[in-house]
Amino acid sequence: MKLILLGAPGAGKGTVAKMLTRIDGSVQISTGDILRGAVQAGTDLGTEAQGYMDRGDLVPDSLIMGIMEKRLQEDDCKTGFLLDGFPRTIPQAEALTELLEKLGIKLDMAVNIDVPRDVIFDRLCTRRTCENSDCQAIYNIKSMPPKKEGVCDKCGSAIVQRADETEKAIGHRLDTYNEKTAPLAGFYQGKGLLRTITGTSSEVVVDAIKKELGI
Ligand code: AMP
């Protein structure tokens with residue numbers, strides 16, 4: 001499957017993407033994960049992106065398109081891909097349309113996961129992430145704590161609160177989402193590709209996607 005997952009930070013895009021990868025081997029491509037990996041590895045990309053990310057601002061479109069142009073041409077994307085956190089601005093969406101045309105790739109749909117703002121805010125404040133850039137497993141101290149406090153179940157690394165998941169940064173990320181990313185729903189609606197799914201349960205969202213795809 002070839003999907004774009006739209007929705008605010010904390011809407012569940014990452015969880016839904018991981019569940020979908022198990023269906024047909026399509027790969028999850030999370031620009032946030034790629035950028036956090038670059039920050040940890042101390043690459044030029046990471047150094048350039050870190051300030052924007054810590055403030056909850058978007059990284060410039062040119063950096064993101066550089067990453068995605070390469071990533072979408074890697075072999076593992078042939079089976080399919082789930083774009084998680086990209087595109088995030090209209091210029092990114094326009095550049096993606098051009099890139100996919102150039103590569104001869106057709107999207108199945110853009111899924112907009114619609115979750116109320118108060119639920120999102122609460123989820124992000126209580127979310128914790130494995131600090132190992134190869135793992136980045138997600139936990140929630142209220143609803144999905146690790147078995148041992150502060151330790152990742154999957155790889156044993158420390159679980160931390162992301163710098164951009166303080167209340168102040170979260171408020172700013174949600175405002176940025178409303179201003180820059182929410183208009184993408186209209187963009188994909190205009191292309192006849194948008195499906196909006198309202199639901200706070202990832203299982204319900206995945207079932208709805210499967211139904212739309214007829215699988
Ligand atoms: P995420 O994990 O998707 O919430 O992304 C974390 C941060 O990475 C965002 O707040 C942005 O600073 C940056 N980021 C991730 N994806 C993008 C994108 N497509 N465009 C611009 N910045 C991005």
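Here the structure is a predicted model, which means the values were calculated and not measured.
- Placement of Met53 and Val160 in two distinct hydrophobic clusters is found when ILVMFWY residues are connected by side-chain heavy-atom separations under 4.5 Å, directly or transitively.
- In this structure, Ser26 contributes its side chain and Met1 its backbone to a donor-acceptor pair below 3.5 Å.
- The shortest side-chain heavy-atom distance between Cys125 and Glu167 falls under the 4.5 Å cut-off.
- To the nearest 0.5 Å, atom CD1 of residue Ile170 and atom CZ of residue Arg123 are 12.5 Å apart.
- The existence of a salt bridge linking Asp76 and Arg71 is confirmed by a sub-4.0 Å separation between a basic side-chain nitrogen and an acidic carboxylate oxygen.
- Side-chain contact between Ser202 and Val205 is absent, with no heavy atoms from C-beta onward closer than 4.5 Å.
- The number of heavy atoms from other shown groups lying within 6.0 Å of CG (Asp118) is above 12.
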Applying side-chain contact (heavy atoms from CB on, under 4.5 Å) to Ile141 and Glu149, what does each step give before you reach the verdict? CA-CA 9 Å; Ile141 50 176; Glu149 200 185 322; over 6 Å; no
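- With rounding to the nearest 0.5 angstrom, the CG atom of Leu35 is 12.5 Å from the OG atom of Ser133.
- Panel note: side chain Arg88, backbone Lys180; no donor-acceptor pair is recorded below 3.5 Å.
- The side chain to side chain contact (heavy atoms under 4.5 Å, CB included) test with Leu83 is passed by exactly one of Lys13, Met68, Gln28: Met68.
- Inter-residue side-chain proximity for Glu203 and Met19 is flagged as met; some heavy-atom pair is nearer than 4.5 Å.
- For the pair Leu5/Val111, a side-chain contact is recorded, criterion being any heavy-atom separation below 4.5 Å from C-beta on.
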Run the side-chain contact (heavy atoms from CB on, under 4.5 Å) test on Asp164 and Asp54 for me, step by step, so that the C-alpha distance in whole Å, both residues' side-chain angles and the decisive distance to 0.1 Å come before the verdict. CA-CA 5 Å; Asp164 63 354; Asp54 286 351; 5.6 Å; no
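- Closest non-hydrogen pair, Leu96 versus Pro87, comes out as CD2-CD, 4.0 Å.
- Across every non-hydrogen atom of Leu193 and Leu107, the tightest pair is CD2-O, 3.9 Å.
- No side-chain donor-acceptor contact under 3.5 Å links Thr43 to the backbone of Val39.
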Between Glu48 and Leu45, does the side-chain contact (heavy atoms from CB on, under 4.5 Å) criterion hold? Intermediate values first, please. CA-CA 5 Å; Glu48 204 167 342; Leu45 170 67; 5.7 Å; no
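- A cation-pi contact, defined as under 6.0 Å to the ring centre and within 45° of the axis, links Lys191 to Phe187.
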Pair Leu72, Ile29 - check side-chain contact (heavy atoms from CB on, under 4.5 Å), show working. CA-CA 9 Å; Leu72 280 170; Ile29 305 179; 4.1 Å; yes
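- Residue Glu101 holds its CD atom at 10.0 Å from CG of Leu99, rounded to the nearest 0.5 Å.
- Remark: Arg55 is positioned above the aromatic ring of Tyr52, its terminal NZ or CZ atom under 6.0 angstrom from the ring centre and at most 45 degrees off the axis.
- Using a 4.5 Å heavy-atom cutoff, the side chains of Lys211 and Asp207 are not in contact.
- Nearest heavy atom pair, residue Thr47 against residue Gly42, reads OG1-O, 4.2 Å.
- Under the 4.0 Å criterion applied to side-chain N and carboxylate O atoms, Asp175 and Arg117 are assigned as salt-bridge partners.
- No side-chain N or O of Asp114 forms a donor-acceptor pair with one of Thr196 less than 3.5 Å apart.
- Counting only heavy atoms from C-beta outward, the side chains of Ile197 and Asn112 never approach each other to under 4.5 Å.
- For the side chain to side chain contact (heavy atoms under 4.5 Å, CB included) with Tyr139, the lone residue among Thr129, Ile159, Thr126 that qualifies is Ile159.
- Salt-bridge annotation for Arg128 and Glu165: absent, with no side-chain N of the basic residue lying under 4.0 Å from a carboxylate O of the acidic one.
- Between Ile138 and Arg127, the closest side-chain pair of non-hydrogen atoms falls below 4.5 Å.
- A distance of 13.5 Å separates CD in Glu131 from CD in Gln161, rounded to the nearest 0.5 Å.
- Salt bridge annotation for Lys102-Glu69: present, with a cationic side-chain nitrogen under 4.0 angstrom from a carboxylate oxygen.
- Scanning all heavy atoms of the two residues, the minimum distance from Ala110 to Leu6 falls at CB-CD1, 4.3 Å.
- Taking the side chain as every heavy atom from C-beta outward, Val151 and Pro146 never approach each other to under 4.5 Å.
- No side-chain donor-acceptor contact under 3.5 Å links Ser143 to the backbone of Asn140.
- In this structure, Ile4 CD1 and Arg195 CZ are separated by 12.5 Å, a value rounded to the nearest 0.5 Å.
- Annotation: the span from Leu213 atom CG to Ile23 atom CD1 amounts to 8.5 Å, rounded to 0.5 Å.
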